[in-house]
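Start at 1 with the first residue, then count along the sequence. Predicted, not measured: the structure shown is a model, and the values here were computed from it.
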Amino acid sequence: MNVTVVGAGYVGAISATVLAYLGDRITCVESDPVRLAAWRSGTDPLREPGLGDMLRRVDVRFVPHADFADADAILVAVGTPMGRDGRPDLEQVETAAAQIGARARPGAVVLMRSTVPVGTCDRLQSGPLHEQRVVSNPEFLREGHALRDAFFPDRIIAGGPADARATVAELYGRIIDRYGLPRDLSADNGSSGPVPFRWMSATSAELAKYAANGFLATKLSFANEIANLAQAVGADASAVLGSMGLDPRIGSQFLRPGLGWGGSCFPKDTRALQAIGDGMGYDFLVLKAAIEQNARQLRGFAAAIERELPQGATVGLLGLAFKAGTADTRESPAIALARLLLRAGLAVNAYDPAVREVAGDLKIRVHSTAAEACDAADAVVIATEWPEFAAIDLGAVRRLTRGDLLFDGRSVIAPAAAAAAGFRYAGPAGFSERSIEMTAVQRLRLGTAA
Ligand code: UGA
């Protein structure tokens with residue numbers, strides 16, 4: 001099939017690479033000249049594991065603009081950043097739709113891979129793309145695991161005019177049948193049968209994307225609340241959450257407590273889902289609480305650190321990326337934490353295995369090793385769940401630091417191991433006796449209930 005992909009960001013570049021590997025003729029349009037030059041020279045500007053290597057094995061034609069005339073399918077994978085009112089800014093989608101509508105052949109299938117508000121595909125179908133067939137086809141890949149998620153997805157969701165279904169099924173046929181996929185990658189969910197392919201209305205497919213991210217974010221906020229409560233009542237959060245995860249209806253993933261969730265998707269998509277509800281006069285209570293809890297989680301973690309340190313003290317901050325396995329710092333809780341600590345008068349020496357620089361207005365020093373960042377620090381703070389930090393030689397770090405405080409904002413260190421190395425350890429909920437106000441349960445335990 002002749003396929004044109006608009007946008008060479010995460011979703012676009014991965015989709016282009018995967019479809020090229022599977023034998024389609026791929027043109028990928030990227031308007032940013034720096035990014036375009038990087039892709040053309042065979043380097044991956046996103047630094048996604050394995051992508052550069054895979055790209056060199058396939059034939060993707062990267063171009064600054066396309067005429068779309070010979071495309072059977074067009075994938076729209078442009079950015080939909082959060083606008084000022086919490087709703088996604090659709091400018092890039094509108095521009096792409098206008099160009100495709102003007103140049104693509106009638107009947108061409110336009111797959112919307114960007115995350116767009118419910119109703120967008122139907123609106124484009126009756127507007128600039130009235131001659132084409134518009135299909136909502138949300139993407140579920142995770143940064144850091146993008147190639148594997150694209151070759152071995154849990155499901156393929158698509159929706160639009162019934163006569164577009166066969167084209168979509170053909171486009172993803174090899175992925176659905178798990179045929180001709182790279183041997184050096186494999187499904188990490190252990191499944192081997194055909195990939196579930198769900199066809200529905202465009203509106204349902206659009207909502208399915210927001211629903212998935214909204215639910216995962218809510219699950220994390222719930223796990224963080226349980227961890228905070230566990231701290232307050234003197235329970236072991238990892239034992240509690242670990243036992244919950246053994247119930248297959250709950251599942252063990254996305255239960256690791258932390259200083260909050262971030263990234264280019266969850267914050268944007270949860271706000272957008274809330275706005276979709278608001279727009280319909282529907283008050284999405286659970287989601288609103290999850291968003292609010294996430295902000296409170298970060299503030300609580302920062303406050304717990306500030307309470308322990310005098311003004312002018314130095315924090316060794318391990319982690320800047322919004323999660324492990326990526327250099328992405330968009331909406332990173334680690335960066336937001338650094339800003340709060342600076343505002344509280346603390347100095348921050350940071351290290352991240354993938355992030356070498358931060359925005360100029362963020363007055364922190366970024367070092368090239370964890371040891372440098374922790375040298376003479378009054379407290380060590382883990383803000384990204386890199387395996388390197390989980391395996392760090394705590395004894396060696398403790399010999400470098402001035403203070404004995406270790407704040408593990410990602411639950412990657414065993415408290416006993418921290419204690420054995422001479423650290424006073426606090427998880428994402430901080431130190432129980434000071435960081436959380438006495439709860440009703442504690443009052444009961446102490447026999448001081450009103
Ligand atoms: C997320 C979804 O997981 C993907 O399925 C989706 O396709 C993608 O958004 C998207 O909409 O494009 P991603 O943003 O790459 O993927 O990040 P996640 O792996 O979901 O992590 C999000 C945040 O949750 C990170 O800050 C991470 O550190 C945090 N997290 C994750 C936890 O705090 N605890 C956990 O147990 C898991």
Check: Distance from K209 atom NZ to M112 atom CE, nearest 0.5 Å?
Finding: 13.5 Å
Checklist line | With sequence neighbours excluded, residues passing side-chain contact (heavy atoms from CB on, under 4.5 Å) with F222 | finding: I226, M244
Notebook entry, point to check: Under the ring-ring contact (aromatic ring centres under 6.0 Å, His included) rule, what pairs show up with a residue in residues 400-428, not counting sequence neighbours?
Noted result: F407-F431
Notebook entry, point to check: Salt-bridged, D328 to R47, with N to O below 4.0 Å?
Noted result: no
Item checked: Over all atoms of both residues, closest heavy-atom pair of G79 and Q92 -> N-OE1, 3.3 Å
Item checked: Non-hydrogen side-chain atoms of V358 and T329 separated by less than 4.5 Å -> no
Next item on the list: Could I get the full list of side-chain contact (heavy atoms from CB on, under 4.5 Å) partners for A230, not counting sequence neighbours?
Entry: A235, A237
Check: So, T115 versus K268: side-chain donor-acceptor pair below 3.5 Å or not?
Finding: no
Check: Without hydrogens or angle criteria, can the side chains of Q274 and Y210 be said to hold a donor-acceptor pair below 3.5 Å?
Finding: no
Checklist line | Main-chain N/O of N213 paired to D269 side chain as donor or acceptor, under 3.5 Å | finding: no
Notebook entry, point to check: Just wondering, do L255 and I250 contact through their side chains at under 4.5 Å, heavy atoms?
Noted result: yes
Check: V286 versus T218: any side-chain heavy-atom pair under 4.5 Å?
Finding: yes
Check: Can you list every salt bridge (Lys or Arg N to Asp or Glu O under 4.0 Å) pair that touches residues 249-262, not counting sequence neighbours?
Finding: D247-R249, R256-E385
Item checked: Reported CG-to-CG distance for the pair D24 and L19, which is rounded to 0.5 angstrom -> 5.5 Å
Check: By ring pair (Phe, Tyr, Trp, His ring centres under 6.0 Å), which residues pair with Y10, not counting sequence neighbours?
Finding: none
Check: Of all residues at least two apart in sequence or in a different chain, which pass the side-chain contact (heavy atoms from CB on, under 4.5 Å) check with S368?
Finding: E372
Next item on the list: Mark yes or no for whether T270, through its side chain, and F266, through its backbone, hold a donor-acceptor pair below 3.5 Å.
Entry: yes
Next item on the list: Give the C-alpha distance, both sets of side-chain angles, the deciding distance and a yes or no for side-chain contact (heavy atoms from CB on, under 4.5 Å) between R296 and E225.
Entry: CA-CA 10 Å; R296 190 182 70 176; E225 297 266 52; 2.7 Å; yes
Note to self: Applying side chain to side chain donor-acceptor pair (under 3.5 Å), can you list everything that pairs with D404, at least two apart in sequence or on another chain?
What the structure shows: R424
Next item on the list: Apply side-chain contact (heavy atoms from CB on, under 4.5 Å) to the pair M1 and T167, showing each step before the final yes or no.
Entry: CA-CA 9 Å; M1 229 186 268; T167 307; 4.1 Å; yes
Checklist line | Any V3 side-chain heavy atom under 4.5 Å of L171 side chain | finding: yes
Notebook entry, point to check: Of all residues at least two apart in sequence or in a different chain, which pass the side chain to side chain donor-acceptor pair (under 3.5 Å) check with D236?
Noted result: S238
Notebook entry, point to check: Sub-3.5 Å donor-acceptor pair from the side chain of E388 to the main-chain atoms of P353, do we have one?
Noted result: no
Next item on the list: Please answer whether the main-chain N or O of I382 pairs with a side-chain N or O of R410 as donor and acceptor at a distance below 3.5 Å.
Entry: no
Checklist line | Pairing residues for R399 by the side chain to side chain donor-acceptor pair (under 3.5 Å) criterion, not counting sequence neighbours | finding: none
Next item on the list: Report yes or no: does D352 contribute a side-chain atom to a donor-acceptor pair with the main-chain N or O of A321 at less than 3.5 Å?
Entry: yes
Checklist line | L318 side, atom CG; L406 side, atom CG - distance, nearest 0.5 Å | finding: 8.5 Å
Check: Between the side chain of S136 and the main-chain N/O of G159, is any donor-acceptor distance below 3.5 Å?
Finding: no
Check: Do any N or O atoms from the side chain of S221 and from the backbone of A290 form a donor-acceptor pair under 3.5 angstrom?
Finding: yes
Margin query: To the nearest 0.5 Å, what is the distance between CD1 on I176 and CD on E170?
Written below: 11.0 Å
Note to self: I need the full list of ring-ring contact (aromatic ring centres under 6.0 Å, His included) pairs touching residues 302-331, with sequence neighbours left out, sorted by first then second residue.
What the structure shows: none
Notebook entry, point to check: Below 4.5 Å, heavy atoms only, C-beta onward: do R40 and P64 meet side chain to side chain?
Noted result: yes
Next item on the list: Apply the test side-chain contact (heavy atoms from CB on, under 4.5 Å) to residues L405 and L309: give CA-CA distance (whole Å), side-chain angles for both, the deciding distance (0.1 Å), then the verdict.
Entry: CA-CA 9 Å; L405 293 164; L309 296 175; 3.9 Å; yes
Next item on the list: May I ask you to decide if V34's main-chain N or O and D32's side chain share a donor-acceptor pair within less than 3.5 Å?
Entry: yes
Notebook entry, point to check: For L185 and M54, which heavy atoms make the closest approach, and how far apart are they?
Noted result: CD1-CE, 4.5 Å
Next item on the list: With sequence neighbours left out, write down each residue that passes ring pair (Phe, Tyr, Trp, His ring centres under 6.0 Å) with F151, or none if nothing qualifies.
Entry: Y21
Note to self: I need the minimum non-hydrogen distance between L320 and S332, along with the two atoms involved.
What the structure shows: O-OG, 2.7 Å
Next item on the list: Given side-chain contact (heavy atoms from CB on, under 4.5 Å), test L346 with E306 step by step and report yes or no.
Entry: CA-CA 8 Å; L346 302 172; E306 289 161 22; 4.3 Å; yes
Notebook entry, point to check: Out of curiosity, I175 CD1 to F152 CZ, how far, rounded to the nearest 0.5 Å?
Noted result: 9.5 Å
Item checked: side-chain contact (heavy atoms from CB on, under 4.5 Å) partners of P267, counting only residues at least two apart -> W261, E331
Next item on the list: State, with a plain yes or no, whether a side-chain heavy atom of L220 is found less than 4.5 Å away from one of P257.
Entry: no
Note to self: Strictly distance-based, threshold 3.5 Å: is any side-chain N or O of R365 a donor or acceptor partner for the main-chain N or O of V348?
What the structure shows: no
Next item on the list: Tell me, yes or no, whether the heavy-atom count around F215 atom CZ, taken from other residues, nucleotides or ligands under 6.0 Å, exceeds 12.
Entry: no
Notebook entry, point to check: Are the side chain of T384 and the backbone N or O of K323 linked by a donor-acceptor pair below 3.5 Å?
Noted result: no
Item checked: Shortest non-hydrogen separation from C28 to G7 and the atoms involved -> SG-O, 3.9 Å
Check: Taking all non-hydrogen atoms of both residues, which atom of L394 and which atom of A421 are closest, and how far apart?
Finding: CB-CB, 3.5 Å
Item checked: Euclidean distance, E139 CD relative to I156 CD1, rounded to 0.5 Å -> 9.0 Å
Note to self: Does R61 have more than 12 heavy atoms from other residues, nucleotides or ligands lying within 6.0 Å of its CZ?
What the structure shows: no
Next item on the list: Side-chain contact test, heavy atoms from C-beta onward, threshold under 4.5 Å: evaluate it for Y351 versus W386 and give yes or no.
Entry: no
Check: Applying the side chain to side chain donor-acceptor pair (under 3.5 Å) test to T326, which of R142, E143, H145 qualifies?
Finding: E143
Notebook entry, point to check: Between R113 and N137, is any side-chain donor less than 3.5 angstrom from a side-chain acceptor?
Noted result: yes
Margin query: Any heavy-atom pair between the side chains of W39 and L55 that's under 4.5 Å?
Written below: yes
Check: Got a salt bridge between R402 and D375, using NZ or NE/NH1/NH2 to carboxylate O under 4.0 Å?
Finding: no
Check: Are any of the side-chain nitrogens in D53 or R56 under 4.0 Å away from the carboxylate oxygens of its partner?
Finding: yes
Notebook entry, point to check: Which pair of heavy atoms, one from I14 and one from A146, lies closest together, and at what distance?
Noted result: CD1-CB, 3.5 Å
